[in-house]
There are 2 protein chains.
Amino acid sequence: MGQTNPPFMSGVPELLLLRLLEQREMYGYELVKAIRLVTSEAIALGEGVVYPVLHSLEAGGALRSKRKKVDGRTRVYYTLSTKGKKRLDRLQIEWQRIQSGVSAALEAPDNA
Amino acid sequence: MGQTNPPFMSGVPELLLLRLLEQREMYGYELVKAIRLVTSEAIALGEGVVYPVLHSLEAGGALRSKRKKVDGRTRVYYTLSTKGKKRLDRLQIEWQRIQSGVSAALEAPDNA
DNA sequence: CCGACATACCTAGTACTACGAGGTATATAT
DNA sequence: ATATATACCTCGTAGTACTAGGTATGTCGG
């Protein structure tokens with residue numbers, strides 16, 4: 001019996017990270033703030049969420065990382081791999097489906 | 001320190017169930033099919049998801065149930081309580097926030 | 001100089017959800 | 001008789017997201 005499907009609405013943090021990294025290479029701490037910014041504070045992921053997701057994405061081959069030293073501090077920059085781009089596409093379609101499904105349910109008229 | 005916030009994007013099954021029960025009283029098996037229907041197959045929750053959520057909602061006072069015998073089979077009908085209505089409102093606002101946040105992130109232009 | 005704060009990384013442990021698989025029982029259709 | 005649809009249920013698992021911590025460096029104010 002095949003693979004276990006992931007919970008159908010999870011992976012939003014993953015989606016956001018992949019999407020941001022599609023636009024330009026960024027490092028973890030920067031991503032934490034970028035998510036707040038781009039979502040107008042609607043979504044605020046802590047470092048305890050972001051770092052583990054980045055690590056698991058890298059472990060899965062969706063991201064590649066390189067360390068850079070800037071002002072004496074070490075930053076770990078992440079870039080999207082081909083695999084990561086595919087993963088992003090899949091997650092985006094998935095999200096679209098869920099989003100439209102929920103919208104349909106919420107907007108459904110009270111058929112009296 | 002205070003209460004633990006639930007994972008920010010969870011509760012979609014809960015949201016859908018509460019929303020459907022806001023419109024009319026329904027029983028579990030009926031809800032399973034109604035969700036498929038109203039979401040145009042975009043979301044398909046199994047009985048293993050629906051029943052436990054119904055039970056926990058009832059335990060939390062959001063739903064009330066009454067058993068009815070129809071054609072020799074027993075159905076458990078659920079209705080929304082005042083508490084349930086409030087919970088629905090909260091979840092709906094929460095969803096709206098997440099949804100618009102994700103949309104903003106996905107639609108953000110690649111600022112070259 | 002020292003404390004506070006921002007930057008920048010990390011992990012452990014927990015809580016909760018959603019899910020699949022299975023199990024019971026009755027009615028209906030073949 | 002057998003299969004399918006109805007209608008309920010629970011157990012065990014997987015996996016996510018979250019809080020709370022911990023390390024280390026640079027900078028700014030007093």
Side-chain angles (χ1 to χ4, degrees), chain A residues 1-18 25-36 43-60 63 65-78 87 91 94-95 98 101-102, chain B residues 1-18 25-36 43-60 63 65-78 87 91 94-95 98 101-102:
Chain A
M1 299 122 156
Q3 85 284 18
T4 332
N5 282 347
F8 76 90
M9 61 0 161
S10 59
V12 168
E14 216 180 293
L15 173 58
L16 295 179
L17 291 173
L18 289 172
E25 92 174 349
M26 293 173 94
Y27 56 97
Y29 195 78
E30 188 185 10
L31 283 160
V32 170
K33 305 197 154 179
I35 288 173
R36 284 174 197 260
I43 299 175
L45 301 180
E47 303 176 31
V49 173
V50 170
Y51 288 119
V53 172
L54 288 174
H55 297 158
S56 91
L57 282 172
E58 188 183 14
L63 297 181
S65 70
K66 61 182 159 185
R67 312 174 84 72
K68 285 187 192 174
K69 212 150 204 170
V70 181
D71 296 321
R73 290 192 207 85
T74 303
R75 296 178 176 171
V76 185
Y77 279 87
Y78 291 92
R87 186 168 183 78
L91 284 177
E94 183 76 2
W95 172 259
I98 301 310
V102 173
Chain B
M1 303 129 154
Q3 85 280 19
T4 333
N5 281 348
F8 76 89
M9 65 356 160
S10 61
V12 168
E14 217 179 293
L15 173 59
L16 295 179
L17 291 173
L18 289 171
E25 93 175 348
M26 292 174 95
Y27 57 97
Y29 194 79
E30 189 185 9
L31 283 159
V32 170
K33 305 197 154 181
I35 288 173
R36 284 175 196 259
I43 300 175
L45 300 180
E47 302 175 32
V49 173
V50 170
Y51 287 119
V53 172
L54 287 174
H55 297 158
S56 91
L57 283 171
E58 187 183 14
L63 297 180
S65 70
K66 62 183 159 185
R67 310 174 85 70
K68 283 187 193 176
K69 212 150 205 170
V70 180
D71 296 321
R73 292 192 206 85
T74 303
R75 295 176 176 171
V76 184
Y77 279 87
Y78 291 91
R87 187 168 183 76
L91 284 178
E94 184 76 0
W95 172 258
I98 302 309
V102 173

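Throughout, a chain's letter reflects where its sequence line sits, starting with A, and its residues are numbered from 1.
Here K68(A) pairs with E25(A) under the salt bridge (Lys or Arg N to Asp or Glu O under 4.0 Å) rule; sequence neighbours left out. With sequence neighbours excluded, no residue satisfies salt bridge (Lys or Arg N to Asp or Glu O under 4.0 Å) with R75(A). Remark: E47(A) pairs with no residue by the side-chain hydrogen bond (donor to acceptor under 3.5 Å, both in side chains) rule, at least two apart or across chains.
Contact detail for G11(B) and L91(B): the closest heavy-atom pair is O-CD1, 4.3 Å. The nearest pair of heavy atoms linking V102(A) to L15(B) is CG1-CD2, 4.0 Å. What you find for I35(A) and L17(A) is that their closest heavy atoms are CD1-CD2, 3.8 Å. What you find for R87(B) and L18(B) is that their closest heavy atoms are CG-CD1, 4.0 Å.
To the nearest angstrom, P of dT7(C) lies 20 Å from CZ of R67(A). Here dT6(D) presents its C1' atom at 17 Å from NZ of K68(B), a figure rounded to the nearest Å. For L45(A) and dA8(C), the CG to C1' distance is 17 Å, given to the nearest whole Å. If you take CG of L91(A) and C1' of dT16(D), they are 13 Å apart, rounded to a whole angstrom. The separation between I98(B) atom CD1 and dA17(D) atom P is 11 Å, rounded to whole Å. Regarding L17(B), its CG atom lies at a distance of 13 Å from the C1' atom of dT17(C), rounded to whole Å. Separating the CG atom of L54(A) from the C1' atom of dA17(D) is a distance of 14 Å, rounded to the nearest angstrom.
Checked against dC9(C), dT7(C), dA7(D), the side chain of E47(A) finds its nearest nucleotide in dC9(C). For R75(A), the listed nucleotide lying nearest its side chain is dA8(C); candidates were dC18(D), dA8(C), dA18(C). Looking at the side chain of S10(A), the nearest of the listed nucleotides dT7(C), dA17(D), dC10(C) is dA17(D).
Between dC8(D) and Y51(B), a contact under 4.0 Å exists linking OP1 or OP2 to a side-chain N or O. Phosphate proximity of dT11(C) to H55(A): present, with a side-chain N or O under 4.0 Å from OP1 or OP2. For K33(A) and dT7(C), the shortest distance from a side-chain N or O to OP1 or OP2 is below 4.0 Å.
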For residues 48-57 of chain A, tabulate all N or O donor-acceptor pairs below 3.5 Å that involve a side-chain atom, not counting sequence neighbours.
residue : atom : partner : partner atom : Å
Y51(A)  : OH   : Y29(A)  : N            : 3.4
H55(A)  : ND1  : Y51(A)  : O            : 3.4
S56(A)  : OG   : V53(A)  : O            : 3.3

Any protein N or O atoms within reach of nucleotides 26-30 of chain C? Criterion: under 3.5 Å, listing atom names and distances.
residue : atom : partner : partner atom : Å
dA27(C) : O4'  : R73(B)  : NH2          : 3.3

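Of the residues in residues 25-32 of chain A, those with a non-hydrogen atom less than 4.0 angstrom from any atom of DNA chain C are Y27(A), G28(A), Y29(A).
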